Each structure stands twice: as C-alpha cells, then as structure tokens.
Amino acid sequence: MNDTSSDGLNGHGAENKGDNYDNSSSNGGGDDDIHTNLIVNYLPQSMKQDEFVQIFSSVGDLKSAHLVMNKNTGESLAYGFVNYKRREDAEQAISTLNGLKLGPKVIKVSHARPSSEEIKGANLYIAGLPKNMPLQQLESLFGKYGTIINSKIINDSIGGVGFIRYDKRVQAETAMKELNGNVPPGLEKPIVVKFANPTTSQSQQQQPQNNYILAANRFSPGPMRYPGPGSMRTGTANNRSNRFSPMGSVNPNMSAPAPPFYNSFEGSSGWCLYVYNLSPEVEEQHLWQLFGPFGAVQKVNIIKDPVTGNTKGYGFVTMSNRDEAEIAIHSLNGYALDNRVLQVSFKTNKKR
DNA sequence: CGACGGGACGC
DNA sequence: CGACGGGACGC
C-alpha cells in the first residue's frame with residue numbers, strides 16, 4: 001500500500017555492451033553492475049539461499065546472489081541481491097519476477113543502488129503524527145529533503161508513527177535537523193524525528209540493562225504474585241514489619257494501590273514506581289544504584305522532553321516484586337539525592 | 001515551588 | 001503486507 005519506491009537510478013542505457021567481462025574496476029565489482037545488480041525485497045522469511053538462487057538463475061546466468069541474513073542468528077532478513085552476467089537478463093528478471101507471488105508474499109525486484117556507505121542508515125522514525133495522516137502528506141513534507149525510497153505510516157488509537165527511508169543518509173540527517181521538534185503545516189503539535197532503530201522487528205531486541213539486573217536479582221523474577229502477609233523478603237535493613245498495608249504511609253496523595261502492569265516490551269510484569277524531584281544531574285544509572293539494593297529492578301526511565309532532551313524532573317522505576325518495591329518506597333521516599341528530596345510512590349494512572 | 005513515560009503500536 | 005544495503009581481489 002505504501003511502498004513508494006522511486007529511485008533516480010534506473011539505468012535504461014540502451015547502449016551497447018551486453019556481455020560478461022568487464023574488468024574496468026573503478027568501484028568494486030564492475031561498472032556494469034548498475035545494470036545487472038538487483039535488489040529483491042519482501043521475500044518469504046522461510047526462503048533459503050538455494051531457493052533464492054534457483055528462482056533467479058532461471059532467468060539467466062548469475063555473477064552472484066546473496067540472501068541477506070542476520071549475522072548472529074543466520075535468519076533471513078527477507079531481502080537479497082542478485083547480480084546477473086548480462087544486463088538483458090537483469091531486465092528480464094525485473095519484468096518477470098517483480099510482483100511474483102510467493103505464498104503470502106509479493107516480491108519486489110528492482111535495480112540495486114550502487115553500494116556505498118552513504119546509503120546506509122537512511123531510515124527515519126517519525127513520532128507524533130495525527131491519527132490517519134495520509135502517507136502522501138508525510139511524503140510531501142519529507143520529500144523536500146531528498147529522494148524517498150520507502151515510506152510507511154503505522155496508526156493506532158492515539159495517532160501515528162511513520163518511517164521515511166531516504167536514498168542517502170545525509171538527506172535523512174538534513175530532514176531530521178529541519179523537522180525534528182517542528183509543527184509541520186496542518187499539524188497541531190511538534191513531531192519527533194530521529195533515526196529509526198536498525199532492527200525493529202520481532203524476536204529479541206533490546207535487553208541492554210537486563211543483564212546486570214539479573215546479577216542483582218538473587219530471586220527468581222517469576223510471575224507476578226501477590227505476597228501474603230508472611231511472604232516477605234528479608235535481608236534489607238528497613239524491613240521492620242513483615243506486613244505491608246496496601247498503601248503504607250508512603251504518599252498521601254496516592255489514591256489506590258498501584259496495579260501490576262504488564263510490560264509488553266520486556267514481556268514481564270512488575271511494579272512501577274514514580275520518582276519525583278530528580279535534579280537534572282541525576283541519570284538513570286544512579287537510580288539503578290539507588291533502587292537495586294531493594295530488589296530486582298526491571299527498568300529505569302527518566303523522562304525527558306523528546307525534542308529538547310531536557311529532563312522533566314521525574315522518572316519511573318519498575319521492580320519485579322511488590323514487597324521489595326514497598327521497601328524501596330519506604331526507604332527512598334524523602335531521601336535526599338543531589339540536594340533534592342525525592343518523592344517515591346507507586347505510579348498512579350493519571351495520564352492513562 | 002512542583003506533580004505520573006514511552007507512543008517502534010497496524011494490517 | 002513486508003526488514004533496502006551482502007560481500008569484497010587469498011583457499
């Protein structure tokens with residue numbers, strides 16, 4: 001649907017030279033590659049290298065073919081390159097294989113841009129789009145800064161996020177500088193524009209800090225459970241009582257016990273604490289250090305303005321176990337950090 | 001004094 | 001609908 005794929009480099013050179021050998025090596029591989037090297041997108045994930053070769057070699061002799069794979073896992077990344085010996089075969093491959101249905105997939109076969117560093121990492125992520133913004137509108141906004149190779153908008157009930165892949169990374173950088181934090185014509189709030197994550201797919205992704213969390217977590221995180229009065233954890237100095245009232249006396253403003261929340265990002269549940277009055281100097285690592293001794297910490301997040309990067313003075317700490325979270329609250333609410341008195345409580349749902 | 005994210009989500 | 005940047009002159 002939204003698969004803009006205009007590229008300004010379709011060589012239709014109806015020249016001469018339709019042959020194999022061309023060792024005038026100026027930029028790695030042969031000058032004719034611009035006519036013979038193709039990129040194939042939207043392959044079925046299950047396709048293997050040999051099937052890939054088989055399909056494309058049916059059209060003509062190949063110089064090379066690479067199904068691109070994840071280096072670590074060996075999984076297909078669902079795209080690849082084929083380089084034909086003859087340019088007419090490459091053209092033939094485009095005309096006969098582009099749009100080919102392979103199971104649920106419709107593959108795309110097109111000329112590959114010459115390989116270079118400058119085309120890498122040219123994908124932008126755009127947040128803050130209104131719900132159901134036309135892709136066309138996004139493209140016309142971003143099209144000023146370069147050739148768009150691919151674009152996409154994802155909508156949900158809140159609004160949309162978009163992706164714009166440029167031909168060149170510098171174009172993406174320019175667009176980001178120009179548009180990040182701006183309110184584009186017709187929109188009502190600023191958009192956030194940054195480089196897209198390199199791999200935004202399924203399966204394993206970020207677990208950056210989880211490793212050393214685990215080191216500090218001597219207790220199995222386990223599924224969420226509601227500890228009865230007796231199921232306390234000892235070993236922390238502040239654990240005077242072995243019973244915790246649902247509210248404790250932590251924060252009089254708090255109106256309800258914090259619900260457990262499901263952290264779909266990491267696929268686990270936990271208890272989210274609200275930490276207020278952070279000085280600008282305080283970083284997430286400090287909160288890890290501060291809360292870590294009380295039990296397993298899953299996540300720390302200090303909130304910043306997405307545009308300016310300035311801290312908003314509060315953050316969230318997610319802990320695995322309610323009893324440990326309560327101890328942390330009892331212990332750290334009122335604690336002076338960097339000359340500011342912290343307020344620590346279970347997170348409420350003021351904005352959700 | 002001041003006060004509750006993140007939209008990486010969908011079809 | 002969907003992951004567009006491999007590999008690479010020497011085994």
Side-chain angles (χ1 to χ4, degrees), chain A residues 1-3 5 7 23 25 27-30 37-45 49 63-71 75-83 101-102 104-108 110-123 125-129 131-132 148-150 152-163 165-167 169 192 194 196-203 205-206 251 253-254 258 261 263-265 272-278 299-306 311-318 340-341 343 345-352:
Chain A
M1 142 189 318
N2 38 26
D3 197 25
S5 72
D7 50 42
N23 280 344
S25 53
N27 39 13
N37 195 26
L38 307 181
I39 184 167
V40 184
N41 289 290
Y42 311 129
L43 290 165
Q45 164 79 37
Q49 169 81 16
K63 280 197 266 195
S64 62
H66 305 281
L67 183 60
V68 180
M69 292 179 284
N70 179 311
K71 271 182 212 149
E75 288 173 280
S76 165
L77 295 184
Y79 71 92
F81 298 87
V82 287
N83 200 354
K101 284 195 65 174
L102 292 175
K105 298 292 206 169
V106 177
I107 70 171
K108 178 180 172 185
S110 56
H111 285 285
R113 293 168 287 161
S115 180
S116 72
E117 284 303 310
E118 59 184 6
I119 69 174
K120 297 182 182 175
N123 199 22
Y125 166 81
I126 301 105
L129 302 177
K131 188 168 165 53
N132 298 326
I148 295 172
I149 297 296
N150 190 292
K152 177 178 183 175
I153 289 180
I154 297 171
N155 281 296
D156 71 359
S157 56
I158 306 165
V161 298
F163 296 86
R165 182 188 311 282
Y166 283 102
D167 184 32
R169 185 180 173 95
V192 172
K194 48 190 189 181
N197 292 341
T199 85
T200 41
S201 279
Q202 66 237 4
S203 70
Q205 205 179 322
Q206 57 221 89
N251 186 335
N253 293 333
M254 208 164 57
F261 81 101
N263 184 345
S264 60
F265 218 53
C272 189
L273 310 187
Y274 172 61
V275 183
Y276 182 70
N277 207 20
L278 298 170
K299 182 174 176 175
V300 170
N301 192 12
I302 292 178
I303 305 309
K304 304 184 182 76
D305 183 298
T311 177
K312 294 191 174 181
Y314 63 88
F316 299 88
V317 174
T318 303
R340 297 208 197 187
V341 176
Q343 296 176 28
S345 62
F346 280 118
K347 180 192 183 308
T348 57
N349 286 329
K350 290 193 178 168
K351 275 272 175 78
R352 287 170 77 104

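Note: hydrogens, waters and symmetry copies are ignored here, and every other heavy atom, side chains too, is used. Fair warning: this is a prediction, and the values are worked out from it, not measured in the lab. Below, chains carry the letters A, B, ... as their sequence lines are ordered, and counting in each starts from 1.
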> Is the shortest distance from a Lys or Arg side-chain nitrogen in A:D167 or A:R113 to a carboxylate oxygen in the other one below 4.0 Å?
Replying inline: yes
> What distance, rounded to whole Å, do you find between the two P atoms, one in B:dC9 and one in C:dC4?
Replying inline: 16 Å
> B:dA3 base stacked by A:Y314? Criteria: ring centres under 5.5 Å, plane angle under 30°.
Replying inline: no
>> Rounding to an integer number of Å, can you tell me how far A:L102 CG sits from C:dC1 C1'?
In response: 14 Å
>> Heavy-atom nearest nucleotide on DNA chain C for A:L43 versus A:Y79: which residue maps closer to 5'?
In response: A:L43
> Is the glycosidic torsion of B:dG7 within 90° of 0, making it syn, or is it anti?
Replying inline: syn
>> Output the rounded distance in Å from NZ (A:K108) to P (C:dG5).
In response: 12 Å
>> Strictly below 4.0 Å: does A:K120 bring a side-chain N or O up to OP1 or OP2 of C:dC4?
In response: no
>> Can you tell me which nucleotide in C:dG2, B:dA8, B:dC4 comes closest to the side chain of A:K152?
In response: C:dG2
> How long is the span from the NZ atom in A:K152 to the CZ atom in A:R165, to the nearest 0.5 Å?
Replying inline: 10.0 Å
>> Once you apply a heavy-atom cut-off of 4.0 Å, does A:G313 come out as touching a base, just sugar-phosphate, or nothing?
In response: nothing
>> Counting only side-chain nitrogens and oxygens, does A:N41 get under 4.0 Å of the OP1 or OP2 atom of C:dC4?
In response: yes
>> So, under a plain 3.5 Å distance rule, would you say the side chain of A:S115 forms a donor-acceptor pair with the base of C:dG6?
In response: yes
>> Can you list everything that forms a side chain to side chain donor-acceptor pair (under 3.5 Å) with A:K120? Sequence neighbours excluded, please.
In response: A:E117
> Heavy atoms under 4.0 Å, any strand shown: does A:V106 hit a base, just sugar-phosphate, or nothing?
Replying inline: base
>> Can you tell me if A:R165 touches the phosphate of C:dG5, counting only side-chain N or O atoms and a distance under 4.0 Å to OP1 or OP2?
In response: yes
> If you look at every strand shown and take non-hydrogen atoms under 4.0 Å, does A:V68 touch a base, only sugar-phosphate, or nothing?
Replying inline: sugar-phosphate
> Counting side-chain heavy atoms from CB outward, which of C:dG6, C:dC1, C:dA3 is closest to A:N37?
Replying inline: C:dG6
>> Is the distance between the ring centroids of A:Y274 and A:F346 under 6.0 Å?
In response: no
> To the nearest Å, how far apart are A:I39 CD1 and C:dA3 C1'?
Replying inline: 10 Å
>> Between A:S116 and A:P104, which residue's closest nucleotide on DNA chain C lies nearer the 5′ terminus?
In response: A:P104
>> In whole Å, I'd like the distance from the CD atom of A:E117 to the C1' atom of C:dA8.
In response: 13 Å
> Among C:dC4, B:dC9, C:dG6, which is the nearest nucleotide to the side chain of A:F81?
Replying inline: C:dG6
> When you measure from the side chain of A:N197, which nucleotide among C:dG5, C:dG2, B:dA8 comes out closest?
Replying inline: B:dA8
> Mapping A:N277 and A:K194 to their closest nucleotides on DNA chain B, which lands nearer the 5' end?
Replying inline: A:N277
>> Classify A:L129 by what it touches in the nucleic acid, base, sugar-phosphate, or nothing, heavy-atom distance under 4.0 Å.
In response: base
> Going from CD on A:E75 to CD on A:Q45, what distance comes out if it is rounded to the nearest 0.5 angstrom?
Replying inline: 5.5 Å
> Roughly how many Å is it from CG in A:L67 to P in C:dC4, rounded to a whole number?
Replying inline: 13 Å
> Tell me: CG of A:D167 to P of C:dC4, nearest whole Å?
Replying inline: 15 Å
> Hey, is A:Y125 stacking on B:dA8? Ring centres under 5.5 Å, planes under 30°.
Replying inline: yes
> Just how far, in rounded Å, is P of C:dG7 from CD of A:Q49?
Replying inline: 11 Å
> Which part of the nucleic acid, if any, lies within contact of A:G315, taking any heavy atom under 4.0 Å across all strands shown: a base, the sugar-phosphate backbone alone, or nothing?
Replying inline: nothing
>> Which residues pass the side chain to side chain donor-acceptor pair (under 3.5 Å) test with A:R169, not counting sequence neighbours?
In response: A:E173
> Quick one: A:L77 CG to C:dA3 C1', roughly how many Å, whole number?
Replying inline: 6 Å
>> Between C:dA3 and B:dG10, how many Å separate the two P atoms, rounded to a whole number?
In response: 13 Å
>> Heavy-atom nearest nucleotide on DNA chain B for A:A127 versus A:Y276: which residue maps closer to 5'?
In response: A:Y276
> What is the minimum heavy-atom distance between A:Y79 and A:N41, and which atoms define it?
Replying inline: CB-OD1, 3.5 Å
>> Under 4.0 Å, counting only non-hydrogen atoms across every strand here, what does A:G160 touch: a base, just sugar-phosphate, or nothing?
In response: base
